[in-house]
Amino acid sequence: MIQLVKKAIQGDVDAFLELMEQNSLAMYKIARGILKNDHDVADAIQDTILKCFEKIHTLRQPEYFKTWMIRVLINECNQILGHYQRINMPGELPETARQDASLAEFEFKEMLELVDEKYRVILILHYVEGFKISEIAELLDLKENTVKTRLLRAREQVRAAYLGGDSKPTSMSAGDNRISRQGGISNEKTDRISGIGKYTAG
């Protein structure tokens, strides 16, 4: 991936789009851990793609591309949350039912509902994306002990929820392919990237 990053930094649009494709699943899961509404998730991802395209030439260390991209994404998600707070609206809007939603997607969303909002992103970054405690602390501007505590409490909430019902725990390992990518994200804003056409995360 580092070679793709280097090419993207040098202005290679195809390399940049390939990077976005490789990281689209990670972006969806992280954004979904912060935002409850899929429309907002799509907006956050689109804005992240656009901002990364505009700013990637400023990235000095290609090996830290993913960390940099996720930081941009988290900032975009927080801006959306801040918008709801400013207009005194809840951060969750009714979602339109999707009859074609996959079982894996449903399971992923169901797992997120088992834990408090402030624990969700940490859970995803650690178990799904494989980030270390120190890296998560840097990404979220938290102390490492805070990250450890929240991670422990998130695990306890998931465990308690499953033990209290009939369902068995779902694996939270980074390689769990039962958690599928959210499809159908619109790409209106990404059409601005050198006229290359629409980028689809799904």
Tell me, please, which residues at least two apart from Asn145 pass side-chain hydrogen bond (donor to acceptor under 3.5 Å, both in side chains). none
Which atoms form the tightest heavy-atom contact between Ile133 and Glu144, and what is the distance? CG2-O, 3.7 Å
Give, for atom CD1 of Ile30 and atom CG of Leu125, the distance between the pair rounded to the nearest 0.5 Å. 5.0 Å
Glu135 side chain to Lys132 main-chain N or O, any donor-acceptor pair under 3.5 Å? yes
Applying side-chain hydrogen bond (donor to acceptor under 3.5 Å, both in side chains) to Lys51 and not counting sequence neighbours gives Glu76
Can you sort out the partners of Glu117 under salt bridge (Lys or Arg N to Asp or Glu O under 4.0 Å), two or more places apart, ordered by chain and number? Lys36
Less than 4.0 Å between a side-chain N and a carboxylate O, is that true for Asp38 and Arg32? yes
How long is the gap from CZ on Arg150 to CG on Leu140, to the nearest 0.5 Å? 8.0 Å
Between Thr146 and Leu142, is there a donor-acceptor pair closer than 3.5 Å when you use the side chain of the first and the backbone of the second? no
Checking Asn23 against Met1 for the side-chain contact (heavy atoms from CB on, under 4.5 Å) test, could you report, in this order, the C-alpha distance in whole Å, the side-chain angles of both residues, the deciding distance, and whether it holds? CA-CA 10 Å; Asn23 288 281; Met1 187 173 73; 3.9 Å; yes
If you define the side chain from C-beta out and look only at heavy atoms, does anything of Val72 sit under 4.5 Å from Asp47? no
Interatomic distance, CD@Gln79 vs CG@Asp43, rounded to 0.5 Å, equals 12.0 Å
Glu138: which residues meet the side-chain hydrogen bond (donor to acceptor under 3.5 Å, both in side chains) condition with it, sequence neighbours left out? none
Can you tell me if Asp141 has over 12 outside heavy atoms packed within less than 6.0 Å of its CG? no
Extract all donor-acceptor atom pairs below 3.5 Å that involve side chains of residues 56-69 and protein atoms in other chains or at least two apart in sequence.
unit_1 : atom_1 : unit_2 : atom_2 : d
His57  : ND1    : Glu54  : O      : 3.2
Thr58  : OG1    : Lys55  : O      : 2.5
Lys66  : NZ     : Glu129 : OE1    : 2.8

Pairwise side-chain contact, Ile34 with Asp40, heavy-atom cut-off 4.5 Å (strictly under): no
List the residues meeting side-chain contact (heavy atoms from CB on, under 4.5 Å) with Asp12, not counting sequence neighbours, and say none if there are none. Lys7, Asp14, Ala15
Is there side-chain contact between Ile9 and Phe16, with heavy atoms separated by less than 4.5 Å? no
Sub-4.5 Å side-chain heavy-atom contact between Arg155 and Tyr127: yes
Measure across Leu35 and Ala44 and return the closest heavy-atom pair with its distance rounded to 0.1 Å. CD1-CB, 4.0 Å
To the closest 0.5 Å, what do you measure between SG (Cys52) and CG (Leu73)? 8.5 Å
Does Arg153 have any side-chain contact (heavy atoms from CB on, under 4.5 Å) partners at least two apart in sequence or in another chain, and if so, which? Tyr119, Thr149, Glu156
